[in-house]
Amino acid sequence: MIRTNNRIMFATAKIPRAARVAVVLLLGIGLLTSSGCMNARFASVRKTPTNPLDGPLQLMSYGGPKITERTRQSLRQLDLEKYADGNYDVGLSELAKIIEKEPTADHLYTYAELSYVAGTRADALGKNATALELYAGSVSHAYFYLFESQDGLQADGYDPRFRQACDIYNKSLEGSLRLVKLQGRLKQGDTYRIKTPNHVFVISLDTIGRWKDTHFQDFQFTSDYEVDGLKNQHRQYGLGVPLIAECKDKPPAAPGSDYFPPNLTFALTAFLEVSQKPDVDPETKKFIHHCRIHLYDPLEQPEIEIHGKRVPLEADISTPLAYLLDSSNMSQMYMSTIGMLSPGEQTEQSGIYMLEPYDPQKIPVMMVHGLWSSPMTWLEMFNDLRAQPEIRNNYQFWFYLYPTGQPFWISAEQFRADLNEMRAELDPNRAAIALDQMVLVGHSMGGLVSRMQTIESRNDFWHLVSDRPPSELDGDPEDTEALRNMLYFHPNQSIRRVITMGTPHRGSNFANSTTRWLGQTLIVLPSFITGSSNRLIESNPGYFRNRELLQISTSVDSLAPDSPVLPAILEAPKAPWVKYHTVIGVVDQDTWLGYFSGRSDGVVNYESARLDEAVSELVVTADHNSVHRTPKSVLEVRRILREHIQQLRQEYYTSLQIPGRSQPALGPHVEGPQTAAYHQTINTELGSIDPGSHPIGEAPSEGVMPASYVAPVEKVPTSRFVPPSTASRYSISPPSHSSNLQPPAPLPSSIYSTPPQPN
């Protein structure tokens with residue numbers, strides 16, 4: 001994913017292994033890390049799969065599973081109690097004859113439970129064919145009870161049998177899928193025929209929604225795994241079997257799949273729908289039950305409709321995420337350490353990553369990790385935010401991986417280029433207005449990398465290294481262009497908010513003489529000594545007034561309080577369309593760490609982490625490594641994202657009320673007086689030294705809405721972000737009078753957990 005054109009060349013050196021180990025230990029003790037959770041495993045295999053029927057049906061009891069007393073009573077009333085504990089095939093056959101004449105809810109449920117108990121017994125004895133038949137009979141009759149019988153359709157949840165019927169449906173379907181998978185036949189597009197003594201089932205398997213054309217290499221059952229590395233496991237209770245879908249060999253055919261990590265896994269839910277057509281099996285003379293197993297993405301479609309009834313899908317979105325982390329070829333510690341100690345070895349892995357298909361109607365939230373870290377450090381927050389429908393319906397989460405051992409301004413330049421190239425690949429016509437509302441969330445050094453995407457360099461950064469103009473610089477064109485790209489840049493017009501968390505905007509005192517010496521001496525880091533910077537220095541004697549700044553080779557040096565780049569960032573013009581938010585950690589002052597650290601997170605003090613221009617600031621009790629993972633920090637990011645949507649929606653309503661304008665402006669030159677003045681000032685100050693191809697604020701093509709103008713957002717029935725180019729499809733009508741402008745409708749309640757009430 002990394003783009004290498006016109007990049008700084010890396011110089012590597014062989015360092016003794018013992019020296020590297022010493023660096024790891026010393027820097028770790030010095031807390032110069034922003035690493036995420038270092039658990040050995042994120043998901044562990046259970047001894048037995050989770051099953052809510054363990055208690056009611058005594059599945060693990062001595063003597064094997066047993067039917068409930070209520071079902072035993074039903075059998076007793078039908079004079080079939082003698083089949084409650086054995087001879088299940090005869091009992092089910094007799095019960096099937098009764099159901100043909102009198103298909104009541106009680107009879108259907110009794111058959112489903114008895115068939116499931118018989119199926120689990122046969123499964124335990126290794127009688128796979130018999131177990132498959134019994135599971136099929138159980139899931140189909142549970143389905144008939146829930147959706148065909150009058151009692152099931154009118155059930156209000158007060159009867160515990162209704163919930164137990166849901167569990168029988170889910171677990172008998174899971175038992176069937178396990179046996180089919182054991183035969184190697186759990187594949188999309190396949191059709192199976194199962195014959196039982198009294199029924200014939202024709203079963204097909206296909207994928208619905210955004211994965212329709214995707215063929216997954218394998219499926220796992222979430223009930224087999226226990227989540228260890230994530231604090232919260234987000235589930236939705238309903239019908240279906242939660243699965244882990246694996247893409248082992250190649251990425252799925254989905255938008256943005258080039259940005260997927262290898263061996264990606266997704267959450268799917270298998271749901272079986274049964275229909276009884278008038279077809280008759282010629283051998284058994286029984287009606288054929290046509291069963292369609294659909295694989296749904298619960299993040300895309302959390303519920304379905306059956307016979308006019310809205311049915312939530314059973315879903316588990318956390319276990320597939322934990323499984324992905326464990327199936328990765330590189331552990332978090334390995335990725336973090338390689339990026340810190342040998343960033344040149346991380347070149348091929350660096351870049352932007354997605355964990356879901358690209359959606360042009362969702363706003364990107366780009367998460368940028370900090371020093372000695374990787375994108376895995378965000379997974380606690382990602383797991384909790386994605387569980388909220390109002391967040392996942394409007395946002396898509398992306399992650400940026402970069403070598404943290406190099407100076408952060410080099411990473412900022414690479415990030416800038418990666419963002420531009422990604423936009424050109426995903427949206428070459430710049431028609432996806434949602435992409436112009438991007439939110440960056442940066443932890444520690446990642447906050448500096450993020451903030452540098454929203455400032456104007458003017459000549460300030462160039463003057464840090466030379467007082468002479470770039471036109472007098474001699475050297476290879478690729479070398480000179482690489483240097484100009486690093487020191488001259490414009491704010492990204494697609495970024496609207498930046499959230500920094502524990503970021504050393506004024507440097508960190510932990511970047512002291514000792515740690516800086518260790519970094520310069522022992523860490524294999526990129527430098528200009530044998531790269532483009534070295535060649536430029538040799539070709540231009542006396543040209544650079546600050547050769548040391550060009551030759552800074554470590555991120556530790558770049559974060560020192562005396563770094564001249566940090567004041568330049570603070571004083572640089574900020575894009576007026578960007579809002580900044582800060583989350584600052586302060587360790588508990590009553591602890592030993594708080595006693596020695598003072599008002600800081602142990603690495604970054606409060607004064608360094610704050611921003612004068614921030615529109616919000618939250619101080620949390622946390623150290624540097626956990627400031628972005630505390631519940632309060634996650635809630636703050638969720639609040640900001642909800643606020644972002646609400647403000648965009650309100651701006652859209654307001655844009656419809658501008659006198660003399662019936663439609664929101666779509667042209668590239670619509671901007672407020674503050675933005676216009678900013679562009680004029682910057683263009684005047686840059687003069688002939690401006691290396692850009694066009695003045696800032698001037699759109700690169702016609703019909704593009706710059707981020708300085710608000711993007712119309714409207715709440716539609718699907719709770720999706722809708723750009724104005726597609727809004728007409730949803731028949732959005734503007735209010736008739738601005739005085740009657742109604743506030744946006746409240747966001748829907750979460751199906752995973754209840755969001756807090758707005759302040």
Side-chain angles (χ1 to χ4, degrees), residues 42-46 48-54 116 135 138-139 142-143 146 163-182 186-188 205-211 214 216-230 232-247 252 264-273 291-304 306 310-327 355-356 379 382-384 386-389 392 750-753:
F42 283 88
S44 57
V45 179
R46 298 178 183 272
T48 57
T50 57
N51 192 331
L53 297 171
D54 284 345
Y116 179 74
Y135 283 144
S138 176
V139 67
Y143 180 91
L146 293 170
R163 178 61 244 183
Q164 197 158 303
C166 296
D167 292 335
I168 290 175
Y169 172 91
N170 292 346
K171 300 311 292 186
S172 56
L173 176 57
E174 181 176 322
S176 300
L177 294 177
R178 286 180 182 276
L179 292 173
V180 171
K181 182 176 184 288
L182 190 63
L186 188 59
K187 300 182 182 299
Q188 299 104 299
L205 177 67
D206 55 21
T207 310
I208 303 298
R210 59 186 179 184
W211 302 117
T214 298
F216 297 99
Q217 279 75 50
D218 201 2
F219 297 96
Q220 306 295 333
F221 298 91
T222 63
S223 60
D224 287 336
Y225 297 90
E226 182 175 4
V227 176
D228 298 322
L230 299 175
N232 302 318
Q233 184 172 6
H234 296 284
R235 298 183 59 91
Q236 173 177 291
Y237 296 98
L239 290 181
V241 179
L243 300 173
I244 303 171
E246 296 184 77
C247 297
L264 189 56
T265 60
F266 301 95
L268 292 180
T269 296
F271 182 86
L272 181 140
E273 184 177 355
C291 304
R292 295 186 296 272
I293 300 177
H294 298 311
L295 301 178
Y296 294 94
D297 184 342
L299 292 170
E300 179 188 34
Q301 189 170 349
E303 61 180 21
I304 59 177
I306 303 294
R310 304 300 297 179
V311 179
L313 291 172
E314 185 93 359
D316 180 350
I317 66 173
S318 298
T319 302
L321 179 61
Y323 185 89
L324 168 64
L325 300 179
D326 283 336
S327 62
L355 298 182
E356 297 175 13
L379 293 182
F382 170 64
N383 182 48
D384 289 341
R386 188 176 61 163
Q388 308 301 323
R392 70 167 179 266
S750 171
I751 60 174
Y752 287 92
S753 59

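Nearest approach of Pro302 to Arg392, heavy atoms of both residues: CB-NH2, 4.3 Å. Heavy atoms only, all atoms of each residue included: Tyr135 and Ser176 are closest at CB-OG, 3.1 Å. Looking at every heavy atom in both residues, Glu314 comes nearest to Pro242 through CG-CG, 3.7 Å. Minimum interatomic distance between Glu174 and Lys171 (heavy atoms only, all atoms of both residues): OE1-NZ, 2.9 Å. Taking every heavy atom of both residues into account, Phe266 and Leu355 meet most closely at CE2-O, 3.5 Å. Pro312 approaches Gln236 most closely through the heavy-atom pair CB-NE2, 3.6 Å.
Under the 4.5 Å side-chain criterion, counting only non-hydrogen atoms from C-beta, Gln233 is not in contact with Thr222. Side-chain contact between Val311 and Leu146 is absent, with no heavy atoms from C-beta onward closer than 4.5 Å. Between His234 and Asp384 there is a side-chain heavy-atom pair separated by less than 4.5 Å. Within the 4.5 Å cutoff, the side chain of Thr319 has no heavy atoms near those of the Arg235 side chain. Counting heavy atoms from C-beta outward, Leu272 and Tyr169 have side chains that approach closer than 4.5 Å. Contact check for Phe219 versus Glu246: no side-chain heavy atoms found under the 4.5 Å cut-off. Taking the side chain as every heavy atom from C-beta outward, Tyr237 and Cys166 never approach each other to under 4.5 Å. The closest side-chain heavy-atom distance from Val227 to Leu321 is not below 4.5 Å.
Expressed to the nearest 0.5 Å, how far OH of Tyr143 lies from OG of Ser172 amounts to 13.5 Å. Atoms OH and OH, from Tyr225 and Tyr323 in turn, are 4.5 Å apart once rounded to the nearest 0.5 Å. Put simply, OG1 on Thr50 and CG on Asp316 are 8.5 Å apart, with the number rounded to the nearest 0.5 Å. Residue Thr265 holds its OG1 atom at 10.0 Å from CD of Gln220, rounded to the nearest 0.5 Å. A distance of 10.5 Å separates CD in Glu300 from CG in Leu268, rounded to the nearest 0.5 Å.
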Next item on the list: Could you give me the CA-CA distance, side-chain angles and deciding distance for Ser318 and Asn232, then say whether side-chain contact (heavy atoms from CB on, under 4.5 Å) is met?
Entry: CA-CA 8 Å; Ser318 298; Asn232 302 318; over 6 Å; no
Note to self: Could you go through Lys181 and Asp218, starting from their C-alpha distance and side-chain angles, then the distance that decides it, and tell me whether this counts as side-chain contact (heavy atoms from CB on, under 4.5 Å)?
What the structure shows: CA-CA 9 Å; Lys181 182 176 184 288; Asp218 201 2; 3.2 Å; yes
Next item on the list: Report the C-alpha distance between Arg210 and Glu356 in whole Å, list the side-chain angles of each, state the deciding distance to 0.1 Å, and finish with yes or no for side-chain contact (heavy atoms from CB on, under 4.5 Å).
Entry: CA-CA 10 Å; Arg210 59 186 179 184; Glu356 297 175 13; 3.8 Å; yes
Margin query: Determine whether Asp206 and Arg292 satisfy the following criterion, side-chain contact (heavy atoms from CB on, under 4.5 Å), listing intermediate values before the conclusion.
Written below: CA-CA 8 Å; Asp206 55 21; Arg292 295 186 296 272; 5.7 Å; no
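The side-chain contact (heavy atoms from CB on, under 4.5 Å) test applied to Ala270 returns Leu177, Val241, Leu243, Ile293, Leu295, not counting sequence neighbours. With sequence neighbours left out, the ring-ring contact (aromatic ring centres under 6.0 Å, His included) criterion links Phe221 to no other residue. Residues satisfying the side-chain contact (heavy atoms from CB on, under 4.5 Å) test with Thr269, not counting sequence neighbours, are Pro298, Leu313, Ala315.
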